[in-house]
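One-based numbering along the sequence shown.
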Amino acid sequence: MEEIRIETEYIKLDQFLKLAAVVQTGGEAKMLINDGGVLVNGEECLMRGKKLRKDDTIEVIGYGKFLVV
């Protein structure tokens with residue numbers, strides 16, 4: 001599991017996917033999320049504006065797992 005450090009209270013899911021280099025653009029993030037390819041804390045998440053905080057886990061199907069630190 002790769003750790004991704006944030007310096008703010010939270011980060012939105014679409015921005016997180018760009019920070020983690022899973023996608024390059026917001027449009028790519030939107031498509032990935034809408035296709036059900038992202039799990040937040042073990043549950044499918046379809047909200048690209050979902051606020052992620054420290055200790056949340058994100059799994060991108062076919063790509064890997066991440067921990068917000």
Side-chain angles (χ1 to χ4, degrees):
M1 184 177 303
E2 183 179 346
E3 294 183 353
I4 303 294
R5 183 169 307 281
I6 62 171
E7 302 297 329
T8 57
E9 178 184 350
Y10 66 86
I11 186 170
K12 291 183 180 180
L13 179 57
D14 58 349
Q15 296 297 313
F16 177 85
L17 294 174
K18 289 195 290 186
L19 179 65
V22 174
V23 298
Q24 293 184 2
T25 68
E28 289 177 3
K30 180 180 178 180
M31 288 190 323
L32 180 62
I33 294 165
N34 286 343
D35 289 344
V38 180
L39 305 177
V40 176
N41 297 324
E43 297 183 15
E44 182 180 70
C45 182
L46 300 175
M47 300 178 298
R48 70 181 204 192
K50 169 81 173 162
K51 292 179 181 177
L52 305 175
R53 292 178 164 75
K54 290 180 170 77
D55 296 324
D56 281 339
T57 59
I58 296 83
E59 180 177 357
V60 181
I61 306 301
Y63 194 87
K65 294 183 181 181
F66 302 91
L67 175 66
V68 180
V69 293

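Scanning for side chain to side chain contact (heavy atoms under 4.5 Å, CB included) contacts around Glu3 gives Leu67, Val69, with sequence neighbours left out. Listed by chain and residue number, Asp14, Leu17, Val23 satisfy the side chain to side chain contact (heavy atoms under 4.5 Å, CB included) test with Ala29 (two or more places apart in sequence, or in another chain).
Of all heavy-atom pairs spanning Ala20 and Phe66, the tightest one is CB-CE2, 4.0 Å. Taking each heavy atom of Ile33 and Leu46 in turn, the nearest pair found is O-CD2, 3.2 Å.
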Ignoring hydrogens and angles, write down the donor-acceptor pairs under 3.5 Å from the side chains of residues 47-57, residues two or more places apart or on other chains.
| unit_1 | atom_1 | unit_2 | atom_2 | d |
| --- | --- | --- | --- | --- |
| Asp56 | OD1 | Asn41 | ND2 | 3.0 |
| Asp56 | OD2 | Arg53 | N | 2.8 |
| Thr57 | OG1 | Asn41 | OD1 | 3.4 |

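For the pair Gln15/Leu19, no side-chain contact is recorded, criterion being any heavy-atom separation below 4.5 Å from C-beta on.
To the nearest 0.5 Å, atoms CD1 (Ile58) and CG (Leu39) are separated by 10.0 Å.
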